[in-house]
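If you're wondering where the values come from, they're calculated on a predicted model, not measured in any experiment. Protein chains get the first letters and strands the later ones, always in sequence-line order, with residue 1 at the start of each. The analysis underlying the following values was restricted to heavy atoms, covering all of them including side chains, and did not include hydrogens, waters or symmetry mates.
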Amino acid sequence: MSQFKKPWESARIGRGGRDATPAFTPKRSTIQQRRVKTHAARGFMPTRAEMVESGVAAHFRAMIVMGVLTLAFAGVGAKLAYVGLMPPAEPRASIREMPKETLRRGNIYDRNNVLLAATLKVYSLYADPKRILDPQEVVRRLPLALPELDMTRLKAQLEDPSRRFIWIKRRLSPDEAQKVNALGLPGLEFREEFVRVYPHKNLASHVLGAVDVDNNGLAGVERGFNTQLAAGEDIHLGLDVRLQEMLRRRLIEMKDKSESKAAWALVMKAPTREIVALVSLPDYDPNHLGKATPAEMFNHVTLGSYEMGSTFKLFTLAQGLVEKKITPDTLIDARTPISIGRYTIKDFHAKKAILTANEVLRYSSNIGAAKIADMSGPAAQKEFMAKLGMLEPIQTGIPEVGNVRYPNNWGRIQTFTISFGHGMSVTPVHLVNAVATLADGYVKHPSVLLGGVSTTQPRRMIDDATLEQIHVLMRDVVLNGSGRSSQVIGYDIGGKTGTAEKIVGRGYAKDKNRVSYVGVLPMKNPEYITLVMLDEPKKGYETGGKSAAPVVGDFYRDLTQLAALKPDMDEVTAYRALLDKTKRKYDDPWQTYVLSDFRTKRGSAGGVQLRPDAAGAAVD
Amino acid sequence: MSIYRQSRHPLVRWWWEMDRVAVFIIVVIMLCGAVAVTTASVAVAKSYNVGPYHFAVRHYLFLLLALGVTLGMTTLKPEGVKRVGMFLFAGAFVGILLTFVIGTEVKGARRWIDIAGQSIQPTEFMKPALILVTAALLSSHDKRKQLHGYFASIIMMGAVGLPVLMQPNFGMALAMGLVWFLQVFMAGLPLLWLAPVVAGGLCVVVGAYTMLPHVRDRLERFINPESSDTYQVDQANEAIMMGHLWGRGAGEGVVKHQLPDAHTDFIFAVVAEEFGIVVGLLLMGLFLTLVLRGFSRVLAQEDRFVLLGVGGLLTLISIHVCVNIGVALHLVPTTGMTLPFISYGGSSTFAMALVLGFLLALLRKQGKRI
């Protein structure tokens, strides 16, 4: 009997001899022990072998069940992992394909690292109609956050079962996005987007251009360098926002005063041919391109192609000097108009005199220019223009590039008219770049980028001796000619005015001018070339000398102060001598100075022949 | 009272005898359940026209009470568990019969009875009760008594299974039958006998398929999803796909707005959508750890009642977990099996509290060196 004791019994027995004594066990016996006894008494007690067998079997089978359950977990877990990691199914793909998560577009900086264009993250709202539980609720509650939406149209879109993606509103302000979020409408989702911002607004719109809603460049540098910007690269421009602001302010002043239809200006840094300022009025705010009119979006500087008028005489004179056909003192007979074919070339204010080459420029004599050009002939003129880059479009990085127009049949008549800037159209960029060549003797490629273009080798075109002569001629226009109002005391600014009659219909309109002035600062060691043009100035500002030149003068005055450009000591000494001699105070000293006797003396000192009777009569 | 293991204080002994890791896992699962119901029930609460956190707050309360019930049950000795199981069986059986008399009909099935304003699903409580009764009946070491036990438990199973089938609650009956079968299997039923038992089970399935239209409908949908409307499962499946590895983020889920059972039968889809499948797998891992720990502890036991009881209870938990998640993954035909402590619901939470309470009670290392 005792051989069938249960484990706990045997344990107790094994613990000590005292407990093993049967005399003590009845007291301590448990219910189980009693049962054991009764079972045993009835003969139902299982054998130890049976117990072990059943126990082992049960344990073994429990392990099988455990394995089965583990497998079930593993199976479900595997399916879960499979479903969760499945390649995105159709709906997810369709959403993902919509607007791509784009790289943040690169910034645009000016030459002093001032931010001109940057990219901000905003939220755009779209709807997935399949996920919208109740389109009615959306239509009813969405206006609480976005009252300006067209809900009837949206309702129709939301109820179209074939659609899975509807833009509701692009570029929400953080406030609007928060309001929409607070509505808690399922099926409305936000997509992060990047919005282009131009902190300077209109200031450099024609340089920077603008982008569309998907941040693709549409105009200006944004378009010209779209690939780099889209790849996240920053662009550093040669532009200087300070000069840009000064130039634009001066130009707006003059445009308003003169009631011009349009006005534009370009400043190029001579050593590098970088575009440091470019204004084309009217302009637009690139932050709101949609509101811009075609007139505002037209870039007169790079896209506009114009007959430049008398500023072209600079090239005529330069060609004569370079080809040694003339010297500044060569006498040209400008007494009678030239008649050739059905054309007659006249001067606006004919001097009816024999002029020196210098005076041809100073008084802007068409007859004189035509005669100088005639010395070289059409082929040489065309070649000279080609060397200056006037016969090819110029790529500066701004994609709005205007064509040049010149006669196919470049004959003698064409040579005459082109000598004073008619019969050939170029963009302001061409003009400024060519004047830069006259100023420093090199042909270089202009660029909107910082540092200019270094790929093309600069080519020397004009030798130093000739440059000196050209400098004197251009300086003379400011001292004695039509460019006087561009003078800044202490700086040897040179330049040339231009007043071209606009083509109206088949001929030239007498009362509609496009005026211009190109000025170089300083002539001796050129740093800046500035061109200002105005379209149809009125109110006594009808000539380049009266409207465009003052803008250049004002701009250069600002610039010399800002840049602390070192004054030319010869100029300053001369001016001081004048003040000492006259013992007068000058409120607007330079104007008085130019009109005073000193001009003659100064002119004589410069070795330039002057004719007293010509003073003040200069009109281009 | 000293908390050292040497202490003889009954509370201290109780604590050290218990599977404390299992208690910790249960608490973690309950916390997961609190989070899951909070996020999943907001949309459902809206459609029931109650406050957004109505269900969430109730579920917190259920979970707290459930934890109390579980810990309370662990104080029982195996003999006590057996006795409680008997009473529970009797009560649940009466409850099931009552569903035919005073039951409330929900979605075409009479599974609920209202007691003191609280609806109770007696079948939920029948599951642990049946497991314990079956374990008790099969626990004898005596072959002849075992034989009687088999017959008795078959009758018991039939007596319980038939009314459950008639409610109708086919899924529940099937789950009970499966647990019972595995218990009988563990008890050492000769393999020759397994064939007629399996055949009998298949007869029940085929019978239900022909007799109960909704069973046929669901099975057909499962077997041939193209031809029929599998809206809920499709939504759940897509939600899990959208959740991907790390989920949309807490509260960001969409599927909960579209599933009426988002807070109960399809709560796993909500969890997977918002927290990702990594969290889903971790949750499954918690349950699996619980099951494997239970088996590893029970395999060291000699008592057949404990072995069969624990084996049955662990099987029940596994079935609940795998079936609930399997439905969302379109691995198992749609059936209302809750995810323990995660799914919202008083009856199922308390029933599961009892299941785990019994489990921990049976797994206590009683009288042994601890």
Side-chain angles (χ1 to χ4, degrees), chain A residues 4 6-8 11 30-32 39 42 44-48 50-92 95 128 130-134 184-187 189, chain B residues 43 79 138 140-146 182-183 185-189 237-238 240-245 254 256-258 268 272 276-278 280-281 284-285 287-288 291-292 294-296 298-299 301-302 304 307-308 310-311 314-315 317-319 321-323 325-326 328-332 367:
Chain A
F4 297 123
K6 294 219 166 173
W8 54 82
T30 58
I31 295 162
Q32 282 102 333
H39 286 306
R42 287 190 208 157
F44 281 108
M45 193 64 199
T47 64
R48 171 173 282 271
E50 280 174 339
M51 264 184 64
V52 170
E53 190 205 4
S54 71
V56 167
H59 279 102
F60 179 66
R61 290 197 172 182
M63 282 165 78
I64 291 175
V65 171
M66 182 173 96
V68 169
L69 296 181
T70 310
L71 278 179
F73 268 94
V76 174
K79 173 84 194 227
L80 173 59
Y82 173 74
V83 171
L85 295 175
M86 246 191 326
E90 183 272 321
R92 272 201 283 183
I95 289 168
D128 177 356
K130 198 182 166 191
R131 300 221 167 274
I132 286 179
L133 300 178
D134 182 4
L185 293 169
E189 308 269 345
Chain B
E79 204 58 32
L138 301 176
S140 172
H141 284 275
D142 185 350
K143 284 258 177 183
R144 265 160 295 182
K145 284 202 136 190
Q146 275 182 20
L182 287 175
Q183 276 185 296
F185 174 79
M186 279 187 281
L189 186 73
N237 223 317
E238 200 182 325
I240 293 167
M241 280 167 59
M242 295 296 262
H244 215 59
L245 269 185
V254 175
K256 61 191 181 192
H257 296 284
Q258 283 147 349
F268 188 78
I277 59 163
V278 172
L281 287 170
M284 282 187 72
F287 282 111
L288 182 62
V291 170
L292 292 181
F295 272 109
S296 77
V298 84
L299 285 173
Q301 297 256 11
E302 295 284 333
R304 276 172 59 87
L307 180 69
L308 297 177
V310 168
L314 292 175
T315 307
I317 294 170
S318 305
I319 288 176
V321 174
C322 291
V323 170
I325 298 175
L329 291 167
H330 204 231
L331 208 58
V332 179

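- Put simply, of B/T315, B/L314, B/L245, the one with the most heavy-atom pairs under 4.5 Å next to chain A is B/T315.
- Remark: A/F60 CZ to B/M186 CE distance equals 13.5 Å, nearest 0.5 Å.
- There is no contact between B/V278 and chain A, counting heavy-atom distances below 4.5 Å.
- At distances below 3.5 Å, not a single donor-acceptor pair connects side-chain atoms of A/H59 with backbone N or O atoms of B/L307.
- With A/V76 as the partner, the side chain to side chain contact (heavy atoms under 4.5 Å, CB included) test is satisfied by one option alone out of B/V321, B/L288, B/I325, B/L281: B/I325.
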Side-chain donor/acceptor pairs under 3.5 Å, residues 64-74 of chain A, sequence neighbours excluded:
residue : atom : partner : partner atom : Å
A/T70   : OG1  : A/M66   : O            : 2.7

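- Only the side chain of B/L331 comes within contact range of chain A, with at least one heavy atom under 4.5 Å from a heavy atom of that chain.
- B/F268 has its side chain within reach of A/L80: a pair of non-hydrogen atoms, C-beta onward, lies under 4.5 Å apart.
- Between the side chain of A/K79 and the main chain of B/G326, no donor-acceptor pair closer than 3.5 Å is present.
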